[in-house]
Amino acid sequence: MIAGTVYGVVLNDAVERERLGEALAAAPYGAPPVAPVVYIKPRNCVSVGGAAVPTPGDAPRLTLAATLGLLFERDLVGDDPASAAIGGACLALDVFEPHDSYYRPAIRQRCRDGFLPVGGLATRPADPALEIVTLFDGQEVHRWSLSRLVRPVDQLIADLSAFMTFRAGDLLLVGVAGDAPQAQVGTQVTVRAAGLPSLATRLVAEVSA
Amino acid sequence: MKRARIVHQGRETWAKVVEEAGGEALLLTPDGARIGAGEARWLAPVTPGATIFALGLNYADHNKELGFAAKQTTPLIFLKGASTLTGHLGATPRAADANQMHPECELVAVIGRPARRVSAAQALDHVGGYTIANDYAVREYLENYYRPNARVKNRDACTPLGPWIVDAAEVGDPQALALSTHVDGKRVQQGSTADMVMSVADLIAYLSEFMTLLPGDMILTGTPHGLHFVAPGETVTCEIERVGRLVNPVVAAP
């Protein structure tokens with residue numbers, strides 16, 4: 001289903017931005033971000049169908065950031081409204097090693113094999129305050145609402161489209177909650193949101209063969 | 001062998017590149033057509049979905065020029081989306097306020113065999129071929145978040161790549177290649193891949209230690225010193241010994 005590039009953005013959570021406050025004006029940043037802060041999840045990250053997340057031996061605690069993925073059904077053309085090009089939506093679990101700095105691209109932390117389980121596709125939910133719930137071993141550990149996004153989806157797509165074109169088959173992860181939970185090997189993870197197929201996976205030890 | 005990706009008879013196709021007497025390249029398509037280099041409609045020779053890695057600060061002399069330490073403690077690696085690529089002779093748009101937009105000639109290693117936890121000594125066995133990228137940067141848009149940030153390095157059509165992929169065996173040692181950039185015939189970059197901080201083999205070993213590299217993935221290995229800010233109307237030629245010449249015009253963005 002994902003035929004193109006998977007893009008995500010950090011620092012799009014108003015709660016995290018509030019918490020970081022003055023730190024974003026200090027070194028090494030110097031000023032709060034102006035453009036959306038983009039990362040890419042390469043193809044080795046993507047898994048579908050509930051495959052387990054391999055947990056590297058050198059990164060025993062992983063952040064599991066549940067988010068909404070939007071799938072582009074066609075290239076954005078001209079002044080197309082962004083919403084017209086979105087063909088579907090899914091839950092996604094952006095997995096990464098916790099890292100404190102946003103200064104350099106976090107390739108080693110974010111791009112390991114299996115670090116992006118995605119759920120089944122459905123029509124994009126209409127609710128701009130969609131609540132995404134994460135459960136570990138059946139217990140709710142995190143809940144956030146897309147009303148926390150600094151740039152709501154349409155504005156995010158518009159701001160990114162000022163310099164890059166989303167193409168058919170690209171997936172956009174709309175943001176990462178700054179307080180996303182952490183887990184280790186053995187944890188069963190479920191992500192739920194109204195109107196979308198649930199996503200279920202578990203953390204297993206990476207095989208080092 | 002050299003392989004190019006072109007548009008031919010309404011389809012994207014790979015073509016074999018041969019040299020005619022006289023030095024002009026000739027493209028042979030699977031349906032038997034023979035297309036002169038001047039008539040070809042070039043695409044970036046990229047497998048759809050491939051991961052595109054790029055290196056910052058991987059030539060000691062360029063790092064000095066930018067005010068950074070010669071060797072970074074962690075290699076500065078970033079990723080690029082497919083929409084940033086364009087083929088040989090494709091135009092690169094320069095935004096009206098991008099007064100500090102500069103070309104960066106880079107050797108590109110194309111992965112041929114999957115690589116996971118390979119040593120530097122074995123790494124080059126996993127390279128299928130090499131091509132050339134011009135990894136433009138726009139310094140005005142630099143921000144200190146996941147730097148170099150997407151507005152600098154993930155702009156539509158601001159990474160010309162090609163013209164073709166040359167088999168690794170024909171290139172030989174990837175750390176012994178002269179590379180240069182000329183703008184309207186004037187040399188603005190000149191260096192050697194011998195001066196890379198991390199070699200192609202080092203980079204494959206480093207990346208494959210924590211992730212799987214897949215066939216078709218590309219690693220843009222960084223650029224040597226030489227800063228020239230381009231203007232619309234200029235033609236930029238990136239050349240790498242034993243690989244080829246990648247030519248692109250700079251145009252004013254609409």
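Lettering of chains follows the sequences in order, A, B, ..., and the numbering in each one begins at 1.
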Counting heavy-atom pairs under 4.5 Å with chain B, the top scorer among A:Ser101, A:Pro105, A:Ala106 is A:Pro105
For chain B, which residues from residues 22-36 of chain A lie under 4.5 Å away (heavy-atom distances)?
A:Leu24, A:Pro28, A:Tyr29, A:Ala31, A:Pro32, A:Pro33, A:Val34, A:Ala35
Most chain B-contacting option - heavy-atom pairs closer than 4.5 Å, from A:Cys111, A:Gly4, A:Ala59:
A:Cys111
Out of B:Leu76, B:Leu213, B:Asn149, which one racks up the most heavy-atom pairs below 4.5 Å with chain A?
B:Leu76
Note: vs chain A, highest number of non-hydrogen pairs under 4.5 angstrom among B:Tyr145, B:Phe78, B:Tyr206 is B:Tyr145
Can you tell which of A:Asp58, A:Ile40, A:Leu11 has the highest number of heavy-atom pairs within less than 4.5 Å of chain B?
A:Ile40
Mark yes or no: B:Arg3 above the aromatic ring of B:Trp164, with NZ or CZ under 6.0 Å from the six-membered ring centre and no more than 45 degrees from the axis.
no
Option in B:Pro93, B:Pro148, B:Ala157, B:Ser83 with maximal non-hydrogen atom pairs under 4.5 Å from chain A:
B:Ser83
I'd like to know if A:Arg143 and A:Glu131 make a salt bridge, using a cut-off of under 4.0 Å between side-chain N and carboxylate O.
yes
Looking only at side-chain N and O atoms, does B:His102 offer a donor or acceptor that is under 3.5 Å from a partner on B:Arg139?
yes
Out of the candidates A:Val9, A:Val38, A:Val10, only one should pair with B:Tyr146 under the side chain to side chain contact (heavy atoms under 4.5 Å, CB included) rule; please name it.
A:Val10
Name, in order of residue number, those residues of residues 161-187 of chain A that have a heavy atom at a distance of less than 4.5 Å from a heavy atom in chain B; otherwise write 'none'.
A:Phe163, A:Met164, A:Thr165, A:Arg167
Using a strict cut-off of less than 4.0 Å between a Lys/Arg side-chain nitrogen and an Asp/Glu carboxylate oxygen, indicate whether A:Arg61 and A:Glu97 qualify as a salt bridge.
no
Counting only heavy atoms closer than 4.5 Å, note whether A:Tyr7 contacts chain B via side chain, backbone, both or neither.
side chain
Within 6.0 angstrom of A:Arg104 CZ, more than 12 heavy atoms from elsewhere:
yes
List the steps and the verdict of side chain to side chain donor-acceptor pair (under 3.5 Å) for A:Asn44 and B:Thr212.
CA-CA 6 Å; A:Asn44 64 299; B:Thr212 304; 5.8 Å; no
Check whether the side chains of A:Tyr39 and A:Asp94 place a donor and an acceptor atom closer than 3.5 Å, and report yes or no.
yes
Answer yes or no: is there a donor N or O on one side and an acceptor on the other, between the side chain of B:Asn58 and the main chain of B:Thr221, under 3.5 Å?
yes
May I have the step-by-step check of side chain to side chain donor-acceptor pair (under 3.5 Å) for A:Tyr102 and B:Arg147, ending in yes or no?
CA-CA 8 Å; A:Tyr102 289 112; B:Arg147 173 177 171 151; over 6 Å; no
Distance-only donor-acceptor check, side chains B:Lys153 and B:Thr84, under 3.5 Å
no
When only pairs under 4.5 Å are counted, which of A:Val37, A:Thr5, A:Ile107 shares the most heavy-atom pairs with chain B?
A:Ile107
Is A:Arg108 paired with B:Glu209 through a side-chain N to carboxylate O contact shorter than 4.0 Å?
yes
Would you find more than 12 non-hydrogen atoms of other residues, nucleotides or ligands less than 6.0 Å from A:Glu18 atom CD?
no
